[in-house]
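Presented below is the structure to which this report refers.
Indexing begins at 1, ligand by ligand and atom by atom, following the structure's order. We're numbering straight along the sequence, starting at 1.
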Amino acid sequence: MLTAIVGINWGDEGKGRFVDLLSADYDIVCRYQGGNNAGHTVINSRGKFILNLLPSGILRPDVVNVMGNGMVIDAEHLWGEMGRLRAAGVEIGPQNLKISDRAILCMPCHKQQDILEEERLADRAYGSTRSGIAPVYGDKYMKKALRMGDLLNPGYCRKRLESLMEFKSLVAQGVYHREALSVEEMWGWVEQFALPLTEYICDTGRYLEEQIEEGKDVMFEAQLGALRDIDFGIYPYTSSSNTIAAYAPIGTGIPGRRLDCTVGIMKAYSTCVGEGPFTCELFGDKAEELREAGGEYGAKTGRPRRVGPFDVPASRYGVRMQGADMLALTKMDVLSYLKEIPVCAGYSIDGKVTGEFPVGDALNRAKPVWETLPGWHCDLSGCKSPADLPKAALDYILYLEKQVGCPIRYVSFGPEREQYLEMK
Ligand code: GDP
């Protein structure tokens, strides 16, 4: 069984907790794109963990975790993350962590370029997490990056680095008026943080093929949501990678394989980190109330997230782009404080109402068309099955299901592993 767990919205939907929950039935969990700009929060009996690079399956001792070729990996950050988890008693070794030899190494020069570019853009900045993700993906496509497999031959790696630093120095000097980069400094970083990773590096595509042939079940864990996909998201306010489920087999080295199931994680309301059009956005006291109720501050950056009611056109589009077979609706409990629940049911663009999610500048002109649904206004934590749900909560779930055109299989009403119910 090949299953992808992906975000329907702008990210931060609560994917990490569902990967943690559902990975109990899987042998392998893979990340297939992105880098340490992700911030997946998992809370279980061992404590609270924020994972940026490591797949969420790392918290289950019998699960093998794969960091796929579609990823960009900051080696220094990875050691920090492994150190924090080990300190909490999580075992990590080549037996349960495999890094693709085709994944790209994210280096300090990428981080520096990210920061310089956001500073250059000033009030036009993209709202990057400043982890170097856009520059390193840019270099990947310019064919000016190091791959993890290069580390297996230090002599070759050093030569490649020298030639890459020549280019990076020209960019630093010419575009940002900074000093040339030091090859020795960058090689020192590679020796300290990247070369010690070699025991984890392998051909993960071949490994996955073998495991799938043996009948092993594989889960693919996405970072961010459909609306941040580089091709199908709100460009240029996207991430620099493909966040959609269809990329999962490509980003892990098994491009000929098809997914058996895609589970879309969809939030009961909307949040967005960073810049770009966000049609359903709330402002002032209403926004503050929702932000507080949902604890909507970035897991990685601590930045307050932009918040708004559920957005039907955006979520329906997200479901379609992900090809979701079923959905998990998260954070229902957060809306319990509301007597009435507003929903952005459509967009008005230049006076025309539409349910379609537009591309390009039309999205900047979209105005929300509101509908109001009754709230349940009570604590949902005792609900163990759909029959326990107050009518208004059940109606809200059925309304969303109908609007986005995909069955909602799970509903969560708290961050902990068991705080969910199955709609059957
Ligand atoms: P991810 O990037 O999609 O994994 O999402 P994040 O981890 O950034 O954000 C999800 C946040 O919501 C985390 O703090 C989770 O612990 C929390 N969370 C997940 N599901 C629920 C839920 O059903 N209710 C509440 N209150 N919090 C949740």
Checklist entry - Purely on distance, is any nitrogen or oxygen of Thr330 under 3.5 Å from one on ligand 1? => result no
Item to check | With sequence neighbours excluded, residues passing side-chain contact (heavy atoms from CB on, under 4.5 Å) with Gln403 | outcome: Val312, Arg316, Tyr399
Item to check | Whether over 12 other heavy atoms sit under 6.0 Å from Lys98 NZ | outcome: yes
Item to check | N/O separation below 3.5 Å, Val334 to ligand 1 | outcome: no
Next on the checklist: I'd like to know whether CD of Glu289 has more than 12 heavy-atom contacts from other residues, nucleotides or ligands below 6.0 angstrom.
Outcome noted: yes
Next on the checklist: Is the ring pair Phe18/Tyr420 parallel, tilted or perpendicular, if the boundaries are 30 and 60 degrees?
Outcome noted: perpendicular
Checklist entry - At under 4.0 Å between heavy atoms, which part of Phe413 makes contact with ligand 1: side chain, backbone, both or neither? => result backbone
Next on the checklist: Would you say Tyr137 and Gln33 are linked by a side-chain donor-acceptor pair, where the criterion is simply a distance under 3.5 Å?
Outcome noted: no
Checklist entry - Does some non-hydrogen atom of Gly414 fall short of 4.0 Å from ligand 1? => result yes
Next on the checklist: Tell me whether ligand 1 is touched by Arg305 - counting only heavy atoms on the residue side and a distance under 4.0 Å.
Outcome noted: yes
Item to check | Proximal atoms of ligand 1 relative to Gly16 (non-hydrogen, under 4.0 Å) | outcome: 4 (O)
Checklist entry - Which is closest to atom 11 (C) of ligand 1 by heavy-atom distance: Lys331, Glu13, Arg17? => result Lys331
Next on the checklist: Tell me the contacting part of Ile265 for ligand 1: side chain, backbone, both, or neither, using a 4.0 Å heavy-atom threshold, strictly below.
Outcome noted: neither
Checklist entry - Does one side chain, of Tyr347 or Asp311, offer a donor that lies under 3.5 Å from an acceptor on the other? => result yes
